[in-house]
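Following: one structure in structure tokens, then a few remarks.
No hydrogens, no waters, no symmetry mates; every other heavy atom, side chains included, goes into these values. Per chain, numbering begins at 1; letters A, B, ... match sequence-line order. The structure presented is a predicted model; accordingly, all values stated were derived computationally and were not measured.
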Amino acid sequence: MSVFSKGVETVAVIDFETSGLGPGSGGRATEIAAVLVRGGQIVDRFQSLMHTGVWVPPFIEQLTGISNAMLDDAPPAAEVMRELAQFTRGCPLVAHNASFDRGFWQAEMAWAGCEPDPAHEFVCTVLLARRLYADAPNCKLGTLARHFQLPDSGRAHRALADASTTAHLLLRMKQDVAERFAADLGPLAVDHAVLSCLQRSSKTALKRAVQAHAKARLGAQALLLSA
DNA sequence: TGCCAGGCCCTCTTTAGGGCCTT
């Protein structure tokens with residue numbers, strides 16, 4: 001069986017709640033969630049508050065509903081990140097505004113002493129949404145959820161709810177990409193590599209990017225089958 | 001609360017400015 005016919009690609013959609021806008025400015029993670037997506041559906045979930053000792057400003061407490069008191073009883077951040085690394089091992093990652101989550105991911109993993117996983121390549125649903133949905137009012141997660149009437153995943157700005165909403169958005173995007181580029185992709189699945197290709201291409205180069213990707217994938221598949 | 005940071009994209013321009021998105 002070739003790698004292209006397995007159809008078992010699992011991606012991990014993650015979301016951090018934090019005390020600030022970046023680890024470089026003193027921000028630390030307060031909660032993390034990851035949902036595993038495979039075969040067009042969510043197949044597993046991980047969520048945990050995490051104790052770092054950071055103080056959460058009132059605005060963030062109000063925004064997320066995560067209080068300093070809640071974090072006092074949370075498990076140590078390093079312990080949570082090690083569990084998360086195991087939970088997501090071998091999976092490409094997806095996040096809404098991935099540069100934000102990637103910064104905290106790398107910082108918290110490093111503080112936990114976890115080795116980087118080469119499979120953890122990020123795809124950003126904001127970049128994809130800007131490519132695919134020019135008619136959307138904006139590309140905020142909540143706006144896109146309402147725009148596409150995605151399933152209600154619970155309180156916004158909690159990690160599991162936002163990760164679940166992002167996962168539903170990802171599934172919607174895969175469906176739309178498959179329909180929009182059916183002639184170029186043919187029987188190839190819309191996998192993480194396709195989305196990575198799309199998010200790096202300019203709006204006007206979308207079709208060329210998909211065609212180039214499909215051509216490369218078909219060439220690699222032919223090589224494998226002939227080996 | 002509002003826009004503190006950082007990364008990315010778009011536009012206009014070719015180096016820089018402005019906007020979006022995340023907590």
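On the P atoms, B/dG19 is 23 Å away from B/dT15, given to the nearest whole Å. Taking atom P on both nucleotides, B/dT13 is separated from B/dG18 by 13 Å, rounded to a whole Å. Taking the P atom of each, B/dT14 and B/dC8 are spaced 24 Å apart, rounded to whole Å. For the P atoms, the distance from B/dC3 to B/dT11 is 25 Å, rounded to whole Å.
Look at CD1 on A/I60: it is 13 Å from C1' on B/dA5, rounded to the nearest Å. A straight line from CG of A/L127 to P of B/dC21 spans 11 Å, rounded to a whole angstrom. Rounded to whole Å, the distance from CG on A/L169 to C1' on B/dC21 is 13 Å. Between the CG atom of A/L128 and the P atom of B/dC8 there is a distance of 14 Å, rounded to whole Å. Here the C1' atom of nucleotide B/dC21 and the CG atom of A/L63 are 13 Å apart, to the nearest Å. With rounding to whole Å, A/L21 atom CG is found 16 Å from B/dC20 atom P. As a whole-Å value, the separation of A/D162 CG from B/dC21 C1' is 13 Å. Distance CD (A/E61) to C1' (B/dT23): 13 Å, rounded to an integer number of Å.
Within the 4.0 angstrom heavy-atom criterion, only backbone atoms of the sugar-phosphate kind lie near A/Q199; the bases stay farther away. Among the atoms of the strands shown, only primed sugar atoms or phosphate atoms (P, OP1, OP2) are found under 4.0 Å from some heavy atom of A/T64.
Across the interface with DNA chain B, nearest-nucleotide mapping of A/T18 and A/Q62 shows A/Q62 to be the residue nearer the 5′ end. Mapping A/P58 and A/F16 onto DNA chain B by nearest heavy atom places A/P58 closer to the 5' end of the strand.
Although no hydrogens or angles enter the test, the distance criterion places a donor-acceptor pair under 3.5 Å between the side chain of A/T30 and the main chain of A/E17. Formation of a donor-acceptor pair under 3.5 Å by the A/D117 side chain with backbone atoms of A/G90 is found in this model.
Sorted by first then second residue, the ring-ring contact (aromatic ring centres under 6.0 Å, His included) pairs that include residues 22-53 of chain A, not counting sequence neighbours, are A/F46-A/F87. Each ring-ring contact (aromatic ring centres under 6.0 Å, His included) pair with one or both residues in residues 137-171 of chain A, not counting sequence neighbours, appears once here: A/Y133-A/F148.
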Show the numbers, then the answer: is there a side-chain contact (heavy atoms from CB on, under 4.5 Å) between A/R146 and A/T143?
CA-CA 5 Å; A/R146 286 189 296 274; A/T143 301; 3.7 Å; yes
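Residues from residues 136-154 of chain A lying near DNA chain B, meaning a heavy-atom separation below 4.0 Å, are A/N138, A/C139, A/K140, A/L141 in numerical order. Annotation: proximity of residues 95-113 of chain A to DNA chain B (heavy atom, distance under 4.0 Å) is found for A/H96, A/N97, A/S99, A/F100, A/R102, numbered in ascending order.
Counting only N and O atoms by type, the side chains of A/T52 and A/R28 include no donor and acceptor under 3.5 Å apart. Using a 3.5 Å distance cut-off with no hydrogens or angles, the side chains of A/E121 and A/S196 do pair a donor with an acceptor.
Salt-bridge formation is detected for the pair A/R158/A/E31: a Lys NZ or Arg NE/NH1/NH2 atom is positioned less than 4.0 Å from an Asp or Glu carboxylate oxygen.
For A/R131, a side-chain nitrogen or oxygen approaches OP1 or OP2 of B/dC10 to under 4.0 Å.
Checked against side chain to side chain donor-acceptor pair (under 3.5 Å), A/H120 has the following partners two or more places apart in sequence or in another chain: A/T88. For the side-chain contact (heavy atoms from CB on, under 4.5 Å) test, residues two or more places apart in sequence or in another chain that qualify with A/Q86 are A/R89.
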